[in-house]
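Working notes, structure below.
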Amino acid sequence: MARKRYIHAINEALIEEMSRDPKVIVYGEDVELAIMGDTRGLLDKFGRDRIRNTPICEATLTGMAVGAAAAGCRVVLHMMFSNFIYTGFDAIANQMAKLRLMTGGQATMPITIIASYGGGGSNAAQHSDSGYPVLVNLGGVNVVMPATPADAKGLLKTAIRGNNPTFFMEAGGRGGEQGEVPEGDYTIPFGKAATLREGKDVTIIAIGSMVKPTLEAAKKLEAAGIQAEVIDPRTLVPLDEEALVAAARKTGRVVVVDEARDRCSAASHIAAVLADKAFGSLKAPVKRVTVPNVCLPYAPNAEKRMIPDADRIVRVATESARA
Amino acid sequence: MARKRYIHAINEALIEEMSRDPKVIVYGEDVELAIMGDTRGLLDKFGRDRIRNTPICEATLTGMAVGAAAAGCRVVLHMMFSNFIYTGFDAIANQMAKLRLMTGGQATMPITIIASYGGGGSNAAQHSDSGYPVLVNLGGVNVVMPATPADAKGLLKTAIRGNNPTFFMEAGGRGGEQGEVPEGDYTIPFGKAATLREGKDVTIIAIGSMVKPTLEAAKKLEAAGIQAEVIDPRTLVPLDEEALVAAARKTGRVVVVDEARDRCSAASHIAAVLADKAFGSLKAPVKRVTVPNVCLPYAPNAEKRMIPDADRIVRVATESARA
Amino acid sequence: MASSEPTKAQLLALYERMLLIRRMEERLRADAAAGNLPGAVHLYIGQEAIATGVCARLRESDMITSTHRGHGHFLAKGGDPKAMMAEIWGKKTGICKGMGGSMHVADFSKGILGANGIVGGGFAIATGAALASKLTHDERIAVAFFGDGAANQGVFMESLNVSSLWKLPLVLVCEHNQFCEFTPSANVTSGEIADRARAFKIPTRVVDGNDVVAVWQAAGEAVEHARRGEGPSFIEARTYRIQGHLEAEALFLAGGKYREEAEIEEWRKRDPLDRTRERLAAAGVASSELQGLDERILRTVGEAVQFAKDSEPADPELAFDLMFAGQRA
Amino acid sequence: MASSEPTKAQLLALYERMLLIRRMEERLRADAAAGNLPGAVHLYIGQEAIATGVCARLRESDMITSTHRGHGHFLAKGGDPKAMMAEIWGKKTGICKGMGGSMHVADFSKGILGANGIVGGGFAIATGAALASKLTHDERIAVAFFGDGAANQGVFMESLNVSSLWKLPLVLVCEHNQFCEFTPSANVTSGEIADRARAFKIPTRVVDGNDVVAVWQAAGEAVEHARRGEGPSFIEARTYRIQGHLEAEALFLAGGKYREEAEIEEWRKRDPLDRTRERLAAAGVASSELQGLDERILRTVGEAVQFAKDSEPADPELAFDLMFAGQRA
Ligand SMILES: Cc1ncc(C[n+]2csc(CCOP(=O)(O)OP(=O)(O)O)c2C)c(N)n1
Ligand SMILES: Cc1ncc(C[n+]2csc(CCOP(=O)(O)OP(=O)(O)O)c2C)c(N)n1
Ligand SMILES: [Mg+2]
Ligand SMILES: [Mg+2]
């Protein structure tokens, strides 16, 4: 174990997987000088046949990943901000997510797409969406949501080694956060939730960027005498329904925290799963703490108002625990 | 009242609104000869300054709608199949759904986008998605789901007269279905669900294309002594939460039927809303009857297996009523 | 020698492949009319020379992307008639196990990366395949077949830019059949499509798409250019869509009209098969020889249909295992 | 007369507008460095001649679409400095009520359809605006400003095709400043961007983007062409991005390097304001006159900043009413 920054854990995973398998290539806009930080140093180590800047043409970058994978590469495509996933959405939704089924299993697509999501930096609506629910609905792509440096490293390595299109969603503006990261060849299987805190009074399910404020909230709740169980699904596709259902059953009181816009959010889906499969054990309404159905405003105070924070989580979890 | 086909009700609404307001324009691929049937005859009536075929370039067609609306037109854009919404998704998700907020309310976008969704025609995965959940998550666009000729006419007229981007989702392959359509200037307000059947044993919430098999199921349930309440939200954005919550409370047993893929579907969101706001009255798990997390296969038997039908709805509703 | 004349044997092989495509699709047309086929069928009749002339220049390991009108590309690149027919009939023995159908016939083992229901969907896939070939130095090239309508999708320009920039082993083949569904291409296309490729300094050839030799020659040069690592080429093959956009088009048109019978007749006179037969006669191939060929191919088609009919329907449950590799949906 | 020389008054007006843009952005640069501005700021310093020369040819009712580097376009088209500054400071009095910020400054009442955070996002919006003008015969024209990097987005080609096809009153202005973020344009651009427009038979002009008169003349012709209903034009204005891609670029680069100081220095020598001052001197404008102008503009900038500082922060709750017209989110 060693303390590392989120962004460095990602960088390390990229270097390790590129060293491990010469078929791994990385491309995207400004990956060479690493505008997002995570691809820093790769060009010097691996050269332009392994990592290269592309023109600005997201619609083609996503489709190219399908072709390059079909031709034998393991593709890592960096899309910068998750809003640009929308720009390259056609090949994601109509090709990547469907080609394997449509070809009767012939197409194998070892593709990892990295994108940063979420607000907090006053980047305004076109640079702050948490655009993963639309990916989750597609069916044919994995969606992973690393909340810590360790998960970032372990999930990215699994994604790159895997044989399916996987969206690796970076929590925006969190690159500097530190955490313990296991040494060596550390991978994390998809579809395994992580219990971050044990508690008997209320179960808080926190997704990606919301794990941090949720753990903060759990501390505050404890001070108020409420023991919160905190669980992080870590991957939305595949989804560890069993673990989430068990966690819900444990307290009968559930709050799902998600930085996505509320309607058809990951929180909505998880709440729906629990309202079905954990119904018998529920003691209180299943609560969602999400971004309301607006785009994130630019002004810091207005943006802050929309993004779930520890206080909001505390308020809702307290209600739920007392309901 | 007069009996009309779904497709004719849409055609009528287009003709009436184009006659009513010279600022209404219609464009899209092959709208002139009406490949989807709904725009038939418009060219002869209104000429190419009002309706025209475009090149195949969805990414631009959706963005053009924003600009044409900003410059004073009321735009009706026909996208043919809902899968092509993905192709034009950038301007929908990054411009249309956000521009009004980002400009502090300056941008007014009277835009209606028509697209056909759903399976049943062996059109395979790229022509059969029910791609509206991704739109619902965007926040800034209305999404309407007419299930009957009357709703098709009333909701389309409201959409065209409205001042917000609205996706008018046609139930694929249903153009020939008939129903009573009120004469004259018939409009339906957004955000008002319709109760299609009264019942005390179980509440079935049916979306768009699923209304028909749900009503079929309700008949079969009745024969088995189960009284189903059937309610159709009609619009997903805005969503008539009150009516849905009231309908759920009435029986305490809820089944939501949606042709979208299950994860992050409209059904998931509605179930989540009820697990929160109707929790106190729920007597059984909130059930979803949706397309599983696969793309629709081509072979008729395989496609049929995936799309909810009356029998599946009956099975789940019966369980729920007896639970 | 790319632009040299084909030998008699080569010409015969080209003709045979075109004939196979034609007879397969004539049968599909009949079965579509008879209501035997589940989904929509877009026929390639009249355009056979293009797929055939191009694919005759490719190795099995080379890759192609195709369109919604993809039967010809599939067969020209060596796809199995039985497996294709069974696919279109929606059977478990289909090349895609009945999951894709007519618009998605593919055989990755033969470099056929798939017909595609998204107009323009093949550009980026072919470009990506060409990128992989270049980066892994495996000497394969990629060919993107696409229609004149697809050339109006922005992704066309994006692929021109990327492939030219990186000198990718890519051949872009525009099949200009003069229509996009019911819209004459002239109404939706500004300027010459070939000029779009020229703007990126990509070698460009405009050929008679109904003359298999002309296509074969242009493709030969383009393929060698790519194989030498000199980058992409663009070929525009001028042809005409003889059939409707899709079978049962009349149902959609409901009396509407977008072209004249006379125009179709004009183009029937330039049928690529007839013209190849003339060339064969000139090369001294006896009509009896062609007679035998025709019978052999009709047999192949008949067997393909029989195979499709005898096969089991698709297995619905399989879909859950086909969404992901080694992961259940 | 489009290509005639500007009068002394016109030249002075051009200079004044350029100076306003320059001084506003110099102040933004300082406030960004001081940490007074919430979001990212992309400066237009060195490119002022382009927005200024083009917008001087437009009517208030004409429409423009802009980019992430949009302050210059906003001010050149007549946007209010106070309202822009307040917006960038995230205040309720901002032109977008603090909801958009630097990347989204817009004033629809002046035809400014908005800066845009999506590279290439303006093409289709401008094309649609031009279509509406044509269909409603309102004589307005639309101008799309975009960067050399945006010219690699397929939507560029789509707009070229649609606007040429329908002869839309559109002017496409490519601001070739030689970089896309940290990537030299040459590394991601194949061929000449202007050739892409030529492929659609669109009149094309490549001009010195640091010479406001050259831009003004080219724009004059393009605007008249559009106003006469003869369709779109393309202008490539060659310039150079003096500032980093965004302020605080160094933080992103972390020591990385993508261009030489010397190159930047070279271009500083071609500063569009200096060159316009030379022209003014030649036209006999006294430096004292410019002195006064400079002071007036610095006052305007100072007042704008004061206004921004004194304004209330944005109203968060407003967002719920701003998502839709007459409908709460
Ligand atoms: C992205 C997308 N938009 C629209 C369609 C509907 N569509 C199917 S074929 C076609 C016309 C294609 O014309 P062209 O590329 O010339 O091919 P052709 O049919 O002539 O072979 C259209 C518009 C589609 N399948 N995909
Ligand atoms: C669709 C999209 N992709 C990527 C980005 C990130 N990005 C912002 S500016 C920029 C470079 C744009 O270059 P250019 O168009 O030349 O404009 P310039 O910055 O030089 O003015 C990029 C890649 C974006 N904002 N939008
Ligand atoms: Mg065509
Ligand atoms: Mg630039």
Side-chain angles (χ1 to χ4, degrees), chain A residues 7 27-37 39-41 43-44 48 52-61 63 80-81 83-84 86-88 90 119-129 175-176 261-263 291-307, chain D residues 37-40 68 87-92 94 96-104 116-121 147-156 180-185 187-190 245 249 251-258 313-323 328-329:
Chain A
I7 203 80
Y27 67 84
E29 293 154 22
D30 271 308
V31 289
E32 294 179 8
L33 277 173
I35 192 154
M36 304 304 272
T39 56
R40 183 149 294 128
L43 180 62
D44 300 342
R48 275 212 179 69
R52 59 173 61 188
N53 287 350
T54 67
I56 306 168
C57 52
E58 287 79 9
T60 287
L61 301 186
M80 216 178 298
F81 289 95
N83 286 72
F84 311 154
Y86 302 148
T87 317
D90 175 54
S122 274
N123 290 325
Q126 288 176 336
H127 289 75
S128 60
D129 257 14
R261 247 183 306 279
D262 187 60
R263 275 198 213 95
V291 166
N293 296 307
V294 300
C295 308
L296 292 184
Y298 164 78
N301 63 322
E303 187 181 33
K304 188 171 183 316
R305 155 73 175 87
M306 304 305 167
I307 303 171
Chain D
L37 308 178
H68 54 285
E87 183 61 30
I88 299 171
W89 280 68
K91 300 304 183 81
K92 189 175 179 176
C96 303
K97 302 187 162 61
M99 298 292 160
S102 166
M103 276 195 279
H104 302 289
N116 208 306
I118 297 300
V119 170
D148 48 275
N152 290 328
Q153 289 278 34
V155 284
F156 173 46
C180 310
E181 287 180 348
F182 310 153
T183 305
S185 308
N187 300 1
V188 287
T189 310
S190 168
H245 167 60
E249 167 180 279
L251 251 100
F252 289 81
L253 284 168
K257 211 165 174 340
Y258 63 92
D315 173 2
E317 298 313 309
L318 215 51
F320 295 91
D321 294 316
L322 290 177
M323 286 295 289
R328 197 164 161 83

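Every chain is numbered from 1, with letters handed out A, B, ... down the list of sequences.
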Could you give me the CA-CA distance, side-chain angles and deciding distance for D/K97 and D/E87, then say whether salt bridge (Lys or Arg N to Asp or Glu O under 4.0 Å) is met?
-> CA-CA 7 Å; D/K97 302 187 162 61; D/E87 183 61 30; over 6 Å; no
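- Shortest non-hydrogen contact noted between A/Q126 and A/F84 is O-CE2, 4.0 Å.
- Contact annotation for A/E58: both backbone and side-chain heavy atoms come within less than 4.5 Å of a heavy atom of chain D.
- Taking chain A as the reference chain and counting heavy-atom pairs below 4.5 Å, the highest number among D/L322, D/L318, D/I118 is found for D/I118.
- Not a single donor-acceptor pair under 3.5 Å links the side chain of A/S122 to the backbone N or O of A/A299.
- Minimum heavy-atom separation, A/D30 to D/E181: OD2-OE1, 2.5 Å.
- Annotation: maximal heavy-atom pairing with chain A below 4.5 Å, among D/S185, D/G149, D/G256, D/A40, occurs at D/G149.
- Comparing D/F156, D/F182, D/W89 by how many heavy-atom pairs each has under 4.5 Å with chain A, the most go to D/F182.
- The shortest distance between side-chain heavy atoms of D/M99 and D/M323 does not fall below 4.5 Å.
- Among D/G100, D/P313, D/A151, D/C96, the residue making the largest number of heavy-atom pairs under 4.5 Å with chain A is D/G100.
- The part of D/K257 that comes within reach of chain A is its backbone (N, CA, C, O), which places non-hydrogen atoms under 4.5 angstrom from that chain.
- Contacts with chain D were tallied for A/A302, A/P297, A/P55; A/P55 has the most, counting heavy-atom pairs under 4.5 Å.
- Contact count versus chain D (heavy atoms, under 4.5 Å) is highest, among A/I35, A/T54, A/T60, for A/I35.
- Contact tally against chain D (heavy-atom pairs below 4.5 Å) for A/G37, A/A125, A/G121, A/C295: the top residue is A/C295.
- Within the 4.5 angstrom heavy-atom criterion, atoms from both the backbone and the side chain of D/I88 approach chain A.
- Interface remark: A/Y86 contributes no atoms to any contact with chain D (heavy atom separation under 4.5 Å).
- Residue D/E317 touches chain A through its side chain alone, counting heavy-atom pairs closer than 4.5 Å.
- Contacts between A/R52 and chain D at a heavy-atom distance below 4.5 Å are absent for every atom of the residue.
- In the model, A/N123 has no side-chain atom that pairs as donor or acceptor with a side-chain atom of A/E303 under 3.5 Å.
- In this structure, chain D has no heavy atom under 4.5 Å from any part of A/A59.
- Residues D/V119 and D/Q153 come closest through the heavy atom pair O-NE2, 3.0 Å.
- Proximity to chain D (any heavy atom under 4.5 Å) is restricted, for A/M306, to the side chain, taken from C-beta onward.
- Proximity of a side-chain donor or acceptor of A/N53 to a complementary backbone N or O of D/V188 within less than 3.5 Å is not detected.
- Chosen from A/N301, A/L296, A/T87, the residue pairing most often with chain D at heavy-atom distances under 4.5 Å is A/N301.
- At most 12 non-hydrogen atoms from other residues, nucleotides or ligands lie less than 6.0 angstrom from CZ of D/F252.
- The one candidate from A/L43, A/T39, A/D44 that meets the side-chain contact (heavy atoms from CB on, under 4.5 Å) condition with A/E32 is A/L43.
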